[in-house]
Amino acid sequence: MKKILALVLALTMALGCAAFAVAEDDITLDVIICQYGPNTQEWFLGKGMNGTNFVDKFEAENPGVKLNLEVVSWNDVYSVVSTRITNKNAPDILNIDVFANYAAEGLLLPVKDYCPEELFNDFFPSFIEQSVINGVVWAVPDLASARALYYNVDLLTEAGVEKVPATWAELEDACQAILDYYGGEVYPWGIDMTTDEGQAAFSYYVWNNDGGFVDIDGDIDVNSLKNIEAIEFAIGLYNKGYTNPNPATQTRYDLQDMFGAGKLAMVIAPNQLPDYLAQKGYEGINYATAALPVNEGAKPGATGVMDRVMAFKDDTLTAEEDAARKEAIGKFLTFFYAPENYVGWVSMEGFLPAVNSSVAALVEANPSFEAWLKVLDSCQFYPTALDNWDAIKMGVIKVEQEALTGGDVKTLLDELQAELTK
């Protein structure tokens, strides 16, 4: 009996050591993914990937690489990442919108160190350009969305608006006609100048007046005459009673709900709006899309929003361990962007793709994607390569909110320009 017990004990220890050795050889990648919508958690960690999930499928197809993947809400992700960096526990892979501050602090790996060349060449070049500093690419695009004007066809028709407004002058005429016809029952125009999307509102007006966050040389230029004129126009729409009553607190989701309920005639929204309306149960809305109105003579500027995937350095590793880790990160990216995986993810959350290889499949599954892909060709993006983009973003939002309560736009933008460039 003692011999049997000894044999069992020896076998158990041997198996345990073998199991430990296998686990020891595995590379575990810490991954943070942002919560894009109700499907994100289910797709990555539940059963939203045709009965399985991203993590399980990846690990099955990539033996030796394990994922410690966490889905974090957009409200929390910045503080979560900041805390982890402070505690010297940065994730291996991060999905987020900003990158320049991490690159400036020397925390990121250049993309060329881990992204396979074939995959890199599959990304839309205009997207890649948004993550370049001094000739170095620091992140790859995750997905994108674009913004357009959605309008309630029936509301405009009943109010006698015969032409969808293409210019600011036509927009004011349409707003006045809607206000005259419906009184306070329908808001003509939606504006979101909240901390959630105020920087987007800034772009809708300045980019459609040949202005912008930066000048032609890429230098901060928030107080240009074009910008002052644009924001004065936007605030004027509010002062004339053409907009929702509380642009400083009503987010784009509030506006989308108003639009779905037939209480808002026109709203600027992303390409995910149809999915949002369907999920919220808004039915029977006769709506269409158009380009954003521009000031007379200005070049149209579509607003594109792009998020990123980036990889952090780990200076604790040996050269051999670091090489193996970079290879594992490359496997993660290759798997994520493979059309059989990526198409399901992008279409499920209603976004636009960042790689050419998925375009045909997305258009086949949803023909409306083709029109949005054309919009992406003319998109302008936030200058997120600037390491003080966060300050610019919050600065223009503060300007908008103070202007809504009577602040002088020129004075406010002059003060912001001085603060950003001191």
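All residue numbers refer to positions in the sequence shown, counting from 1.
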Original post:
Taking only residues at least two apart or on different chains, which pairs with a member in residues 238-249 satisfy salt bridge (Lys or Arg N to Asp or Glu O under 4.0 Å)?
Top reply: Glu172-Lys240
Subject >> Nearest-0.5 Å distance that lies between atom CG in Asp154 and atom CD1 in Ile285 >> reply: 10.5 Å
Original post:
Phe202 and Phe213: aromatic ring centres closer than 6.0 Å?
Top reply: yes
Original post:
So Trp43 and Phe336, would you call those rings parallel, tilted or perpendicular, with 30° and 60° as cut-offs?
Top reply: perpendicular
**OP:** Return yes if a side-chain donor-acceptor contact under 3.5 Å exists between Thr251 and Asp196, otherwise no.
**Re:** no
Original post:
Tell me, which pairs form a salt bridge (Lys or Arg N to Asp or Glu O under 4.0 Å) where one or both residues lie in residues 266-283, sequence neighbours left out?
Top reply: Asp257-Lys280
Original post:
Using the ring of each side chain (for Trp, its six-membered ring), is Tyr337 parallel, tilted or perpendicular to Tyr342, with breaks at 30° and 60°?
Top reply: tilted
Subject >> Aromatic contact, Phe233 with Trp168 (centres under 6.0 Å) >> reply: yes
Original post:
Using 30° and 60° as the class limits, which term best fits the ring planes of Phe124 and Phe127: parallel, tilted or perpendicular?
Top reply: perpendicular
**OP:** Can you sort out the partners of Glu197 under side chain to side chain donor-acceptor pair (under 3.5 Å), two or more places apart, ordered by chain and number?
**Re:** Arg147
Subject >> Contacts of type side chain to side chain donor-acceptor pair (under 3.5 Å), residue Gln35, not counting sequence neighbours >> reply: none
Subject >> All side chain to side chain donor-acceptor pair (under 3.5 Å) counterparts of Asn152, not counting sequence neighbours >> reply: none
Subject >> Non-hydrogen atoms of Trp389 and Val98 that approach each other most closely >> reply: CD1-CG1, 4.2 Å
Original post:
Residues in side chain to side chain donor-acceptor pair (under 3.5 Å) with Thr289, at least two apart?
Top reply: none
**OP:** Would you check if the side chain of Thr52 reaches a backbone N or O of Met49 as a donor-acceptor pair within less than 3.5 Å?
**Re:** no
Subject >> Single hit among Thr83, Asp97, Asp390 for side chain to side chain donor-acceptor pair (under 3.5 Å) with Tyr78 >> reply: Asp97
Subject >> Ring centroid separation Trp345 to Phe44 under 6.0 Å >> reply: yes
Original post:
Any idea how Phe54 and Phe58 line up, ring-wise: parallel (<30°), tilted (30 to 60°), or perpendicular (>60°)?
Top reply: parallel
**OP:** Identify the two heavy atoms, one from Val72 and one from Val80, that lie closest to each other, and give their separation to 0.1 Å.
**Re:** CG1-CG2, 4.1 Å
